[in-house]
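Just below is one structure, and these are the notes that go with it.
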Protein chains: 2
Amino acid sequence: MSGSVRRAMPSIEIVAKEAGVSTATAGRALGGYGSVSRKSREAVQAAAERLGYRPNSLARSMITGLTHTLGVLVPDIENPFFSRALRGIADAAHERGWEVLLVNTDEDLALERKALGVLAERRVDGLVVAPTDVADRDALQAVVDAGIPIVLLDRRVPGLDADTVGIDNRAAAKDATERLLKLGHRSVALLTGGDEKLRPKLSRPGLRGVERLAATTVGARAAGYRDALVEAGVEPRPELVSAEGFRREDAAAATRRLLALPDAPTAILALDSLLALGVLQALRGLGMRCPADVSLVAFDDADWAEAISPPLSVVAQPIYELGAEAGRLLLDRVQGSDKRFTHRRLPTRFIERESAASR
Amino acid sequence: MSGSVRRAMPSIEIVAKEAGVSTATAGRALGGYGSVSRKSREAVQAAAERLGYRPNSLARSMITGLTHTLGVLVPDIENPFFSRALRGIADAAHERGWEVLLVNTDEDLALERKALGVLAERRVDGLVVAPTDVADRDALQAVVDAGIPIVLLDRRVPGLDADTVGIDNRAAAKDATERLLKLGHRSVALLTGGDEKLRPKLSRPGLRGVERLAATTVGARAAGYRDALVEAGVEPRPELVSAEGFRREDAAAATRRLLALPDAPTAILALDSLLALGVLQALRGLGMRCPADVSLVAFDDADWAEAISPPLSVVAQPIYELGAEAGRLLLDRVQGSDKRFTHRRLPTRFIERESAASR
DNA sequence: CCACAGATTGAGAACGTTCTCACCCAAGTG
DNA sequence: CACTTGGGTGAGAACGTTCTCAATCTGTGG
């Protein structure tokens with residue numbers, strides 16, 4: 001056993017009594033505000049040290065109106081995209097003396113709504129939200145109206161008073177698709193992971209349709225994919241757009257289905273790295289080789305992308321920077337910035353490795 | 001614009017006034033304690049609804065002494081091990097109405113100590129800590145003494161009053177090494193990732209040395225590796241134990257060094273999946289093939305392990321369950337359990353795939 | 001009609017800080 | 001000497017809840 005066991009933490013009143021001053025003076029000595037004589041300060045600090053005093057930040061927050069806490073709402077922290085982005089957010093927050101309260105929403109609208117309520121009750125100073133695709137604009141706006149600024153990460157919510165940080169999904173997807181087309185591929189599949197409604201929209205979009213499509217992340221990328229095809233004079237084939245689910249097994253199944261098609265795709269664009277793993281797994285199962293039989297390009301430069309055989313060509317997003325920028329933007333708002341809402345697009349980088357070959 | 005903009009959130013006093021009752025009654029009506037007439041309750045609820053009232057959980061915590069917040073201290077949330085474990089913790093917490101405050105320590109002792117202070121000031125109800133290898137026992141014990149229970153995840157801190165959740169690292173490493181030995185390998189390398197001090201200790205340990213070694217996670221696994229060698233009558237060779245660093249590049253460099261050795265290893269045991277990626281990368285660079293030229297087994301069943309070629313044989317830890325169990329254990333303590341401290345070891349599972357072949 | 005138990009209510013304390021304000025005192029200034 | 005100045009101090013309010021306690025109301029049984 002080391003040191004004495006104390007159950008309840010001492011309050012500033014106890015410290016003041018021990019130091020022989022008033023609570024007001026003790027507060028000033030420890031909090032670094034107001035003015036205190038050297039003698040008082042030293043007496044208080046010694047007493048605090050002796051008693052193992054820790055200020056109660058709850059009481060402080062009640063007075064100051066600041067919790068120095070940022071809420072972070074992500075679909076799933078296990079997803080490498082979000083864990084890396086969270087790291088960026090946390091670092092930005094920490095750097096300026098803020099902490100991070102994390103909630104997973106599981107892409108579940110009801111959970112997201114409930115979490116917003118909980119975080120509002122905790123009086124977080126601001127919120128970084130990666131909303132579900134069908135985000136509840138009103139619930140988010142209500143939080144903003146209550147005085148809690150929001151920064152959206154990765155996805156956008158039309159009409160919401162919030163800053164946004166993300167990439168140009170449409171341009172990035174278009175670029176990736178163009179690269180596959182330039183390699184001679186004419187039958188390029190798109191693995192989106194979700195949003196069943198995409199496929200029909202993609203076939204006969206009309207201008208209005210494409211614009212509406214581009215509102216979600218997946219939608220924007222699908223639109224970019226389509227842009228590239230159309231510009232290259234390749235007719236988009238709805239059956240080449242797969243939206244079976246977000247899990248690896250879903251992607252594997254989708255790949256098997258795609259490759260069984262008449263006039264099967266010779267190249268696949270996967271919208272995230274987990275889906276790419278599914279493709280790889282399916283190819284291995286089918287005895288097909290990448291890139292000899294099928295070329296593959298994926299979004300996100302996962303840590304394994306460079307190490308596997310063949311190394312995967314990817315659209316790299318600056319994920320950490322996305323999170324850090326969101327954190328900084330949010331803290332600016334928290335600290336009183338009332339600039340117009342910005343929609344920041346960070347640049348992506350195509351990393352050419354060996355999984356996409358000419359045909 | 002939708003709805004009216006309100007900057008400051010209404011307090012219960014405003015709601016009470018609006019409903020024509022006292023704050024006490026309003027509190028009872030909204031908080032679900034005490035007894036309230038149906039009429040009052042309905043009036044209060046209607047007023048609260050109208051004003052968009054959200055209780056201030058800070059004020060509540062001041063009274064009840066519970067913040068319903070769990071602190072989580074991990075080295076790096078980007079590490080898939082910790083992000084998965086965190087998911088387990090968060091789910092367990094959420095299930096019982098708790099939230100999670102996250103801090104990264106970057107394996108930095110000073111940061112860990114500072115974070116402990118911050119979380120104590122926030123009056124978190126409990127703490128899940130994955131301590132750095134050289135954890136500050138006294139700092140942790142001080143938190144426990146202040147009445148905040150701690151559950152240790154993955155690593156142990158001797159002499160600390162805390163529950164522990166992890167795996168039997170020594171047995172798991174021994175099992176993995178034995179499997180490689182059974183395949184006929186006689187020159188098996190160990191890639192630990194860190195702790196330079198390990199190597200010399202491993203060569204002439206003596207009983208005392210091995211026991212001390214086994215205190216850290218890495219150390220315990222190294223001891224298990226050694227156990228297997230000794231039992232099989234293979235002389236441990238210190239130069240086959242690499243501890244160059246935790247990053248992928250470090251592992252790649254270490255692999256190149258190992259394979260340039262006279263009597264080079266024909267099998268490698270990597271202590272985490274990131275290190276395994278480094279091995280794979282180095283092998284590709286050297287034009288060597290797995291498992292034809294070198295067999296590889298790694299800890300942790302990363303999401304890519306099954307999808308790459310060859311699929312990686314791994315020691316799978318129940319990572320999510322580890323986190324969830326830590327969360328549950330902690331909440332039991334928070335809610336008053338004073339059972340003896342337990343050290344829970346969850347079972348690991350060796351998943352045989354194709355990266356380890358007989359020689 | 002009275003007494004009484006139990007439900008319902010409101011005033012005010014409590015939690016642990018920071019903030020406001022009035023006061024004291026020593027050191028200048030005219 | 002009277003008057004200002006300003007650092008230092010403590011009493012008490014404030015933040016928004018929950019808790020304690022006494023008072024009031026309601027209905028029931030005698």
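Throughout, a chain's letter reflects where its sequence line sits, starting with A, and its residues are numbered from 1.
- In this structure, the side chain of Arg60(B) does not engage the main chain of Leu66(B) through any donor-acceptor pair within 3.5 Å.
- Considering only side-chain N and O atoms, Ser40(A) lies under 4.0 angstrom from the phosphate OP1 or OP2 of dT9(D).
- Under 4.0 angstrom from either OP1 or OP2 of dT9(D) there lies at least one side-chain N or O belonging to Ser37(A).
- Between Ser22(B) and dT9(C), a side-chain N or O to OP1/OP2 separation shorter than 4.0 Å is absent.
- Applying the 6.0 Å contact sphere to CD of Glu13(A) captures no more than 12 heavy atoms from other residues, nucleotides or ligands.
- Mapping Ala24(B) and Ala24(A) onto DNA chain D by nearest heavy atom places Ala24(A) closer to the 5' end of the strand.
- When each of Ala59(B) and Ala26(B) is assigned the nucleotide of DNA chain C with its nearest heavy atom, Ala26(B) is the one assigned upstream, toward the 5' end.
- The nucleotide whose nearest atom lies closest to any side-chain atom of Ser11(A) is, among dT17(C), dT9(D), dT18(D), dT17(C).
- Under the 3.5 Å distance criterion, with hydrogens and angles disregarded, a donor-acceptor pair is assigned to the side chains of Thr69(A) and Arg122(B).
- Judged by distance alone, with hydrogens and angles left aside, the side-chain atoms of Arg155(A) form a donor-acceptor pair with the main-chain N or O of Pro131(A) at under 3.5 Å.
- OP1 or OP2 of dT18(C) has at least one side-chain nitrogen or oxygen of Tyr33(A) nearer than 4.0 Å.
- Taking only side-chain nitrogens and oxygens, Thr25(A) comes nearer than 4.0 Å to OP1 or OP2 of dG10(D).
- Of the listed nucleotides (dG10(C), dG16(C), dG10(D)), dG10(C) has the atom at the smallest distance from the side chain of Val21(B).
- Side-chain atoms of Ile12(A) lie closest to dT17(C) of the nucleotides dG16(D), dT9(C), dT17(C).
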